[in-house]
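First comes the structure, then the notes that go with it.
First listed ligand is number 1; within each ligand, the first listed atom is number 1. Remember, predicted model here, so these are calculated numbers, not experimental data.
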Amino acid sequence: MRTRVKFCGITRREDALQAVRLGADAIGLVFYSESPRAVSPQQAYQIVRELPPFVTVVGLFVNAAPGYLQQILERVPIDILQFHGEEPPEDCSHYGRAYIKAIRMAEGVDLPGLAQSYGSASALLLDTYQAGVPGGTGRAFDWGRVPKSLSKAVILAGGLTPENIAQAVKQVRPYAVDVSGGVERVKGVKDAAKMAAFMRGVDSVN
Ligand SMILES: O=C(O)c1ccccc1N[C@@H]1O[C@H](COP(=O)(O)O)[C@@H](O)[C@H]1O
């Protein structure tokens, strides 16, 4: 099966359109005010309005208040929620939407147990652990720690770049990969050449 690609941290409509032209499966919008990639609901709407079909729009949240998250859902056409904080399973499924749960790969993390606990998740997104940082670290973790089989689809994230993506896909064989910092020119602004090189890296393994 082909490895799906999500470009996350999109803050400009032209970057979303470039992702689509390159054949990305999903784009991610960050609704977390402390991120340099955060977008407002208005900005998010402008980015995704009239995107062609069959491109999944993912909304990323970190311990968001339910009222705030609900407001976003009313204003922005989001297909899947991505929870990057300490949200328990019942909070993730509260919205009646498909969701991805991000797991930070701290020492001793119990992936089979988490796959059970987050049984209602569409996938687990595995990201690098860095104390005090919920995600978007730009750092990779040891891919050898990803189990060969898990009861949930795996989305590999954390420090992926055009340079390491082929090796990552070869080694982990994830359902999908998710990249933000590795394809940026500056924080929040994607680099079209890096995005294209990233896609080529994935395709070289598929
Ligand atoms: O991108 C952010 O600023 C961010 C903030 C808070 C939580 C998650 C965030 N990003 C997500 O982290 C992973 C890995 O990002 P990177 O490729 O290492 O930069 C990815 O899912 C981002 O969308």
Side-chain angles (χ1 to χ4, degrees), residues 3-12 15-16 19 24-40 43-44 47-48 55-65 68-69 72 78-87 91-92 98-106 109 118 121-143 145-146 152-169 172 174-191 194-195 197-199 201-202:
T3 308
R4 268 70 169 172
V5 176
K6 169 171 167 260
F7 287 114
C8 201
I10 299 281
T11 66
R12 311 187 309 162
D15 291 345
D25 300 278
I27 63 150
L29 303 168
V30 177
F31 296 99
Y32 174 55
S33 60
E34 290 179 40
S35 167
R37 299 156 185 128
V39 287
S40 67
Q43 226 180 326
I47 292 168
V48 301
V55 179
T56 302
V57 176
V58 181
L60 187 157
F61 298 88
V62 180
N63 301 325
Y68 168 70
L69 202 155
I72 304 285
I78 288 173
D79 301 305
I80 300 200
L81 303 172
Q82 178 172 329
F83 291 104
H84 244 278
E86 282 81 44
E87 303 87 355
D91 288 7
C92 297
Y99 77 89
I100 295 163
K101 180 70 186 84
I103 307 295
R104 299 190 301 145
M105 294 293 286
V109 70
Y118 289 93
S122 301
L124 296 185
L125 180 147
L126 308 184
D127 193 6
T128 304
Y129 175 79
Q130 188 179 321
V133 183
T137 63
R139 291 175 43 217
F141 64 93
D142 174 7
W143 304 321
R145 296 176 60 209
V146 182
K152 284 281 157 204
V154 165
I155 303 172
L156 183 66
L160 298 176
T161 65
E163 290 73 32
N164 68 13
I165 187 61
Q167 180 54 37
V169 172
V172 178
Y175 171 76
V177 290
D178 185 347
V179 59
S180 188
V183 293
E184 285 179 333
R185 180 148 43 90
V186 293
K187 280 192 196 296
V189 179
K190 297 298 187 233
D191 180 309
K194 289 183 187 174
M195 292 167 85
F198 190 89
M199 291 301 285
V202 175

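Side chains of E86 and N63 form a contact here, defined as non-hydrogen atoms less than 4.5 Å apart.
Under a 4.0 Å criterion applied to the non-hydrogen atoms of G181, ligand 1 contributes the atoms 16 (P), 17 (O), 19 (O). Against a heavy-atom cut-off of under 4.0 Å, C8 is close to the following atoms of ligand 1: 23 (O). Near Q82, meaning under 4.0 Å from one of its heavy atoms, ligand 1 places the atoms 21 (O).
Nearest non-hydrogen protein atom to atom 6 (C) of ligand 1 is Y32 CD2, 3.7 Å. Summary of contacts: the protein heavy atom closest to atom 3 (O) of ligand 1 is S35 OG, 2.6 Å. In terms of protein heavy-atom proximity, atom 13 (C) of ligand 1 is closest to D127 OD2, 3.4 Å. For atom 21 (O) of ligand 1, the closest non-hydrogen atom of the protein is D178 OD2, 2.9 Å. Atom 5 (C) of ligand 1 has G135 O, 3.8 Å as its closest protein atom, hydrogens excluded (heavy atom only). What sits closest to atom 17 (O) of ligand 1 on the protein, heavy atoms only, is S180 N, 3.0 Å. What sits closest to atom 1 (O) of ligand 1 on the protein, heavy atoms only, is R37 NH1, 2.8 Å.
Pairing each heavy atom of S122 with each of A98, the nearest pair is OG-CB, 3.7 Å. In terms of heavy atoms, A197 sits closest to P162 at CB-CB, 3.7 Å.
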Open item on the list: Run the side chain to side chain contact (heavy atoms under 4.5 Å, CB included) test on Y175 and V154 for me, step by step, so that the C-alpha distance in whole Å, both residues' side-chain angles and the decisive distance to 0.1 Å come before the verdict.
Closed with: CA-CA 5 Å; Y175 171 76; V154 165; 5.6 Å; no

- [ ] Test salt bridge (charged side-chain N to carboxylate O under 4.0 Å, His left out) on K101 and E87 and set out the steps.
- [x] CA-CA 9 Å; K101 180 70 186 84; E87 303 87 355; 3.6 Å; yes

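Using a 4.0 Å cut-off between heavy atoms, L60 contacts ligand 1 through its side chain alone, with no backbone atom that close.
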If you look only at distance, which donor and acceptor atoms sit under 3.5 Å apart when one is on a side chain in residues 129-138 and the other is two or more places apart or in another chain?
residue: Q130; atom: OE1; partner: R139; partner atom: NH1; Å: 3.0
residue: T137; atom: OG1; partner: R139; partner atom: N; Å: 3.0

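Of the candidates A140, P134, G159, G9, G159 brings a heavy atom nearest to atom 18 (O) of ligand 1. Among A157, G188, G136, the residue whose heavy atom sits closest to atom 12 (O) of ligand 1 is G136.
For R4, there are no salt bridge (Lys or Arg N to Asp or Glu O under 4.0 Å) partners, not counting sequence neighbours.
Between the side chain of D127 and the main chain of R104, no donor-acceptor pair closer than 3.5 Å is present.
No salt bridge links K190 with D15; every basic N to acidic carboxylate O contact stays at or beyond 4.0 Å.
Contact annotation: G28 has no heavy atom less than 4.0 Å from any atom of ligand 1.
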